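Below: the structure, in structure tokens.
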Amino acid sequence: MKTLWLLTSATFLALGSMAAQAGNLDLNLNSDAVQFEANGNLAPNIALGGGLLSSDDNEDVTALHAQLLGTESTRDYDIGVGVRWSQYDTDYGDGGGLGLGGYGYVYVPSIPRLSLGGYGFYTPDVVATQDLEDSLEYGLRARYQVVRNVDAYVGYRRVEAEFDNRSGDRTLDSGALAGLRLTF
């Protein structure tokens with residue numbers, strides 16, 4: 001739990017120092033889970049972010065992450081690739097690790113306010129700590145720009161992890177979701 005607190009504090013302190021720069025706030029939920037994420041630009045095309053997922057989809061899960069991504073956004077696409085530290089506090093086990101992944105969205109030419117895409121991050125055993133063996137988080141989303149700086153979206157998220165004291169991957173969270181993303 002101390003690691004979770006340190007990760008959260010460091011991420012949100014860094015994001016607070018970037019308040020005047022470009023970034024976004026994201027909130028999504030379903031009947032079993034809520035996720036909040038904040039991202040800000042450290043420099044052009046380099047984003048630092050963090051987030052918190054609380055889910056009781058399959059037992060109690062609290063998952064935090066901090067990420068550093070190289071990004072590029074045009075009127076045709078929006079992509080980011082980099083590293084993410086994920087930290088889990090679950091009924092199955094606790095632990096964290098450094099993963100690789102990113103996100104990608106393409107804008108639909110005939111409906112320019114609509115973008116389709118997703119994200120994924122994988123953490124292998126070699127960079128995992130405590131009980132965590134490996135983890136995988138991925139999601140798909142359809143985003144629609146409601147106004148200039150607000151996207152509404154629907155999607156699907158799945159979070160899986162394997163822990164030392166359990167055999168096989170455990171689904172920590174999965175299901176459809178709805179959310180809003182504010183860009184500033």
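The model shown is predicted, which means the values in this text are computed figures rather than measured ones.
The nearest pair of heavy atoms linking Asn30 to Gly175 is ND2-C, 4.2 Å. The two residues Leu172 and Tyr88 make their nearest non-hydrogen contact at CD1-CD2, 3.7 Å. The two residues Ala47 and Thr71 have their closest heavy-atom pair at CB-CG2, 4.0 Å. Closest heavy-atom contact between Leu69 and Gly82: CD2-N, 3.4 Å. In terms of heavy-atom proximity, Ile111 sits nearest to Tyr144 at CG2-CE1, 4.3 Å. Smallest separation of non-hydrogen atoms from Ala33 and Leu53: CB-CD1, 4.1 Å.
Inter-residue side-chain proximity for Leu42 and Leu68 is flagged as met; some heavy-atom pair is nearer than 4.5 Å. In this structure, Leu182 and Leu27 have side chains that are not in contact, with every pair of non-hydrogen atoms separated by 4.5 Å or more. Side-chain contact between Leu25 and Phe36: present, with at least one pair of heavy atoms (C-beta onward) separated by less than 4.5 Å. Phe163 places a side-chain heavy atom less than 4.5 Å from the side chain of Leu132.
Trp85 is not connected to Phe121 by any chain of hydrophobic side-chain contacts under 4.5 Å among Ile, Leu, Val, Met, Phe, Trp and Tyr, and they are in different clusters. Hydrophobic clustering (side-chain heavy atoms under 4.5 Å, transitive across Ile, Leu, Val, Met, Phe, Trp, Tyr) groups Leu100 together with Ile46. By the rule that hydrophobic residues join a cluster once side-chain heavy atoms approach within less than 4.5 Å of another member, Tyr105 and Leu114 end up as members of separate clusters.
Once rounded to the nearest 0.5 Å, the distance linking CD of Gln67 with OH of Tyr119 reads 10.0 Å. Residue Leu177 holds its CG atom at 6.0 Å from CZ of Arg141, rounded to the nearest 0.5 Å. For the atom pair Ser73 OG and Tyr107 OH, the distance stands at 5.0 Å (nearest 0.5 Å). Note that CG of Asp89 is 9.0 Å distant from CD of Gln130, once rounded to the nearest 0.5 Å. To the nearest 0.5 angstrom, Asp32 atom CG is 5.5 Å from Asp56 atom CG.
Residues in residues 57-68 take part in no salt bridge (charged side-chain N to carboxylate O under 4.0 Å, His left out) pair, two or more places apart or across chains. Residue pairs meeting the salt bridge (charged side-chain N to carboxylate O under 4.0 Å, His left out) criterion with at least one partner in residues 107-125, sequence neighbours excluded, do not occur; the list is empty. For residues 172-184, the pairs satisfying salt bridge (charged side-chain N to carboxylate O under 4.0 Å, His left out) are Asp151-Arg181, Arg157-Asp173, with sequence neighbours left out.
For Val81, there are no side-chain contact (heavy atoms from CB on, under 4.5 Å) partners, not counting sequence neighbours. Applying the salt bridge (Lys or Arg N to Asp or Glu O under 4.0 Å) test to Asp131 and every residue at least two apart in sequence or in another chain returns nothing. Not counting sequence neighbours, the partners of Val154 by the side-chain contact (heavy atoms from CB on, under 4.5 Å) test are Ala142. With sequence neighbours left out, the side chain to side chain donor-acceptor pair (under 3.5 Å) criterion links Ser115 to Arg143. Among residues two or more places apart in sequence or in another chain, the side chain to side chain donor-acceptor pair (under 3.5 Å) test is passed with Asn24 by Asn39. For Tyr103, the side chain to side chain donor-acceptor pair (under 3.5 Å) criterion is met by no residue, not counting sequence neighbours. When the side chain to side chain donor-acceptor pair (under 3.5 Å) test is applied to Thr171, the partners found at least two apart in sequence or on another chain are Arg158. For the side-chain contact (heavy atoms from CB on, under 4.5 Å) test, residues two or more places apart in sequence or in another chain that qualify with Thr74 are Glu72, Asp76, Tyr77.
For Ser55 (side chain) and Val61 (main-chain N/O), no donor-acceptor pair under 3.5 Å exists by modelled atom type.
Checking Tyr153 against Asp26 by side-chain atom types alone, a donor-acceptor pair falls below 3.5 Å.
With a 4.5 Å cut-off between side-chain heavy atoms of Ile, Leu, Val, Met, Phe, Trp and Tyr, the cluster of Tyr122 takes in Leu136, Tyr138, Tyr156.
Each of Gln35, Glu37, Glu137, Gln87 was scored for a side-chain hydrogen bond (donor to acceptor under 3.5 Å, both in side chains) with His65, with one residue passing: Glu37.
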